[in-house]
Amino acid sequence: MMDSATIRQKFLQFFESKGHQIVPSAPLVLKNDPSLLFTNSGMVQFKDYFLGNSIPKYKRVVDTQKCLRVSGKHNDLEDVGLDTYHHTMFEMLGNWSFGDYFKKEAIGWAWELLTDVYQLPKDRLYVTVFGGDKADGLPVDDEAKDLWKQFVADDRILNGSKKDNFWEMGEAGPCGPCSEIHIDLRPESDVKKKPGRELVNSDHPQVVEIWNLVFIQFNRLASGTLEPLPDKHVDTGMGFERLCMAIQAKMSNYDTDVFRPLMDFIAQHAGTKYGADSKTDIAIRVMADHVRAVSFAIADGQLPSNTGAGYVIRRILRRAVRYGFSYLNFKEPFMYRLVPLLGIQLREVFPELHQQMEYVGRVMHEEEISFLRTLERGLKRIESIPTITGVQAFELYDTFGFPFDLTSLIARERGLAVDEKAFIVEMEKQKTRSKTAAVKETGDWILIGDEGKSEFIGYDHFSATSRIIKYRRVKQKSKEVFQFVLDKTPFYAESGGQVGDTGKLESINEKISVIDTKKENDLIIHFAETLPEKLDAEFYASVDEGKRKLTMNNHSATHLLHAALRQILGKHVEQKGSLVNEKILRFDFSHFAAMTEVEIYKVEAIVNQKVRENIRLNEQRDVPIEKAKGMGAMALFGEKYGEHVRVITFDPKFSVELCGGTHIPATGNIGLFKIVSESSVAAGVRRIEAVTAEGAQEYVNGSLALLNEIKTLLKNPKDTTSFLQNLLEEKHALEKRVETMNQEQANQIKDKLAAKAVKINGYTLILERITLPNVEALKNIAYGLRNQFEDLLLVLATDIDGKPQVAVMIGEKLETTKRFHAGNLVKELAKEIDGGGGGQPFYATAGGRNLGGLQTVLDKAKLLIKE
RNA sequence: GGGGGAUUAGCUCAGCUGGCUAGAGCGCUUCCAUGGCAUGGAAGAGGUCAUCGGUUCGAAUCCGUUAUUCUCCA
């Protein structure tokens, strides 16, 4: 039987033999694309070719692409694992033609590969072609149909709808008919009962689409009309896991050798077998599937977090932990143990995971621990709720992250049901709230003149004479911004951690501020709050040079820091994130322990040494990637590189990096490099923040000024630290002494009051007016007297710092008789001082505004007691 | 980006509708008992209740700010 690695290899080799270039998979996590969080199909990395934003290096390309789908028409995260054919992460095999071959070759090769190379049974294959669409004025795709007829009998070629057989990139843009290949994997007996053609496209788990051939031949305009493209493209995608199922003749993707090793490992450690029970089977599938998605996302640089793509990853991992926890009794972190298995399994195709197994495992382990803690807290909380309403279940989920299915499970164990409808209602409320807050209206691009190419000249110039190619308006929360694309621009768009440039666009009679510059795929977009009146004018575009130069200092310093860290800490240090602006540089990197002070000091010293050496920048553009790697430049995981890259070198023996950012001409510009903080961002990831040049100077001056101020205040002691320490200790001791003295003073007053006690009506009465320094003293006296007389009735009318305060205390024995209630008494008395009060049955206090009422308080107290 | 929580002793947390001299368990210190143990007993130390501001006679508790953190949604 052909194993999965061979199946993949044969695909790549087959198309290589047909003149295709094998290219690596793009990272799973996307950057610079506001419309998408993850690569969800093979074509994503080639989008710019179809849109005409950039020119392909090869006309024929083949690859296998890591894809992630957690939402969409047929795939919701909550469904994965319940059935046997949905996945979060999957591989998509694809071959591409960029303006080269078209339908004839694509169809012929597809058939050859499936039937010749893979030996799939011809009589079990069905194909669909586009059946035409009246609204678009398109006929049946007879071209494809006729081509298929060479290989496939007429009754196995089906016409498909626009929904299934017409592919579009978006509302507008490249599109075209497609042709799908389906396979019927049912047993012979079932096939006899019902022919496969009746089950195509009807969600049958054994009659599935395995390959989609897209023929991009139109461009849909914003108006909705179609125009033929001058260059026609082929974009195909074949689900790798399904293909394996078909070739290995399995009933499900999960039965192939792609998943089985993981599933057997899970089952073994759970003390069960896959296939033993439908509940545990689901849990095993969920874990096996999810660990792939999470591992590769982390390997591609996406840490679990509480927003955006990171949150999706967190949710996937938590879902797996939840299933393991509930059905397989995994109460300790377990998912992370699957990482090495997966890394080794896919070492050849996706080396990024194998190379980072320890790092990925640590991050996952930490995330599992944190979720198990959340579960534990939730379980504790749920115990205190007797009956759980839908709203409460939602609160548990929304605020404390406690999953709904666990809540209803616990409720069921108590013989109760949770109102799921109410839960869903609350959930919907939450969703609409978020959606209305995030509403963003993006207008269509409006072209000014002819659409031309946009050129970035910011590596060499701070200004340019430019024209606007196109613009659009974007509205969010009543704030409106305009976005421009220029034919020539000196503005650096936010990328690789370096912030976007700000600056000005000036024409003869107008001046527009550019507030930010960002990338959308490869397009450089300038942001402004106003729209020029004369859009077709010539503009003098200039970036804020001061800000840019400070940013360049910080960016170059980041490279020096990276190299220094690898020298001091070791080669396991890899960039995991970076932020560079005019004020600060922030650098996240993989390292498994907090840095010691000595290490920080050494790293800082190396960087400053390199600054003083004033090493000249060596910037090389268009270096072939292999050559760049040969020079010692490290490629970052999760970063997408072209065939040619830009290499930034400060001393070939020290720092060589692939980088698109802007840099200073020589390291001396940095002046001074100062690390401000070292902290943790996640398990296995440390963060350093540092400042350079003016920023460093300000930082150092500020710290020294503060130190001097402190020293002066302390009258310049020899050893400031120990002096301060002594001072603090002394202060503490004095506070304690003051407290005991107050206590003593209160005791004296207490004794005087005790002497005035009179015994009447079976209790000891103390009724006095006194002056005290604070409420604490009053409390102390009252409690002191309570300890002294068990049948005490105390009413004190006090003047505390000019404010009247009344206290009533009742002795322990007297309290049990319930003759008096301190709280009620004090409430009555409080009226006399224009205040209010309360407390417990035996001790209560009241405050007020009217100091003059203190005497009346005592008189009234006498009356009340007699009653 | 939007919503909801949380922040109290070295650690894990109680403290209900404002007034219980701010508590528990573990840990720590000292003493006693035991050959040893995550041993038994006794005494004790340790808190600007995150921050700043407001309401109130009175705030750990109510309201707002900031910070940190957890969590859900986009």
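A note on names: the letters A, B, ... follow the listed sequences, proteins ahead of strands, and every chain is numbered from 1. This is a predicted model, so every value here is computed, not measured. Both backbone and side-chain heavy atoms feed into the values below; hydrogens, waters and symmetry mates do not.
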message: Could you write out RNA chain B as dot-bracket? Rules: Watson-Crick or G-U wobble, both distances under 3.5 Å, brackets [ ] for crossings, | for pairs with another strand, dot for unpaired.
response: (((((((..((((.....[...)))).((((((.....)))))).....(.(((..]....))).)))))))).
What's the gap between [N] and [M] when it is taken at their [atom1] atoms, as a whole Å value?
N: B/A45; M: B/U29; atom1: C1'; result: 7 Å
N: B/G23; M: B/G15; atom1: C1'; result: 7 Å
N: B/C37; M: B/G19; atom1: C1'; result: 48 Å
N: B/G35; M: B/G40; atom1: C1'; result: 15 Å
N: B/G3; M: B/C11; atom1: C1'; result: 32 Å
N: B/U61; M: B/A6; atom1: C1'; result: 15 Å
N: B/C57; M: B/U69; atom1: P; result: 38 Å
N: B/G27; M: B/G64; atom1: C1'; result: 38 Å

Could you state the atom-to-atom distance from [atom1] of [X] to [atom2] of [N] in whole Å?
X: A/Leu772; N: B/G58; atom1: CG; atom2: P; answer: 18 Å
X: A/Arg319; N: B/C72; atom1: CZ; atom2: P; answer: 15 Å
X: A/Asp799; N: B/C57; atom1: CG; atom2: P; answer: 17 Å
X: A/Lys431; N: B/G2; atom1: NZ; atom2: C1'; answer: 15 Å
X: A/Asn306; N: B/G3; atom1: CG; atom2: C1'; answer: 13 Å
X: A/Leu375; N: B/C70; atom1: CG; atom2: P; answer: 16 Å
X: A/Lys435; N: B/G2; atom1: NZ; atom2: C1'; answer: 13 Å
X: A/Arg373; N: B/A6; atom1: CZ; atom2: P; answer: 19 Å

message: Tell me if the side-chain of A/Gln805 makes a donor-acceptor pair with the base of B/C57, cut-off 3.5 Å, by modelled atom types.
response: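 Answer no: no donor N or O sits under 3.5 Å from an acceptor.
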- prompt: Is any side-chain N or O of A/Asp398 under 3.5 Å from a base N or O of B/G3, one able to act as donor and the other as acceptor?
  reply: yes
message: Check this one for me: any side-chain N or O of A/Arg318 less than 4.0 Å away from OP1 or OP2 of B/C72?
response: yes
- prompt: A/Thr374 side chain N/O closer than 4.0 Å to the phosphate oxygens (OP1, OP2) of B/U71?
  reply: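 Checking B/U71 against A/Thr374, a side-chain N or O does come within under 4.0 Å of OP1 or OP2.
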Across the strands shown, which category fits [X] at heavy-atom distances under 4.0 angstrom: base, sugar-phosphate, nothing?
X: A/Arg786; result: nothing
X: A/Gly823; result: nothing
X: A/Thr432; result: nothing
X: A/Arg381; result: nothing
X: A/Arg315; result: sugar-phosphate
X: A/Gly835; result: nothing

field: A/Arg377 to A/Phe400 six-membered ring, cation-pi geometry met (6.0 Å, 45°)
entry: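 No; the conditions do not both hold, so A/Arg377 does not lie above the ring face of A/Phe400.
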- prompt: So, is the end of the A/Arg362 side chain (NZ or CZ) under 6.0 Å from the ring centre of A/Phe592 and within 45° of the ring's axis?
  reply: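 Here A/Arg362 passes the 6.0 Å and 45° test against A/Phe592.
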Is any NZ, NE, NH1 or NH2 atom of the basic residue among [X] and [Y] found under 4.0 Å from an Asp or Glu carboxylate oxygen of the other?
X: A/Glu768; Y: A/Lys756; answer: yes
X: A/Glu480; Y: A/Arg473; answer: yes
X: A/Glu520; Y: A/Arg472; answer: yes

task: Please lay out, stage by stage, how A/Arg319 and A/Glu78 fare under the test salt bridge (Lys or Arg N to Asp or Glu O under 4.0 Å).
output: CA-CA 8 Å; A/Arg319 183 165 183 263; A/Glu78 288 303 320; 3.5 Å; yes
message: Between A/Tyr397 and A/Gly847, which residue's closest nucleotide on RNA chain B lies nearer the 5′ terminus?
response: A/Gly847
- request: Tell me which of A/Thr399 and A/Ala846 sits closer to the 5' end of RNA chain B, going by the nucleotide each one is nearest to.
  value: A/Thr399
Out of [options], whichever nucleotide has its closest atom nearest the side chain of [X]:
X: A/Arg433; options: B/A74, B/G3, B/C72; answer: B/G3
X: A/Met427; options: B/C70, B/G3, B/C72; answer: B/C72
X: A/Lys803; options: B/C57, B/C72, B/U71; answer: B/C57
X: A/Lys779; options: B/C20, B/C72, B/A74; answer: B/C20
X: A/Gln430; options: B/A74, B/G3, B/G4; answer: B/G3
X: A/Thr307; options: B/G1, B/U71, B/C57; answer: B/G1

Show me the donor-acceptor pairs, under 3.5 Å and distance only, between side chains in residues 826-836 of chain A and residues at least two apart or in other chains.
from: A/Glu828; atom 1: OE2; to: A/Lys831; atom 2: NZ; distance (Å): 3.0
from: A/Glu832; atom 1: OE2; to: A/Lys860; atom 2: NZ; distance (Å): 3.0

- prompt: What distance separates A/Gln748 CD from A/Ile781 CD1, expressed to the nearest 0.5 Å?
  reply: 10.5 Å
message: Going by ring pair (Phe, Tyr, Trp, His ring centres under 6.0 Å), name the residues that satisfy it together with A/Phe330, two or more places apart in sequence or in a different chain.
response: A/Phe334
query: How about A/Asp289 and A/Thr88: does a side-chain donor come under 3.5 Å of a side-chain acceptor?
result: yes
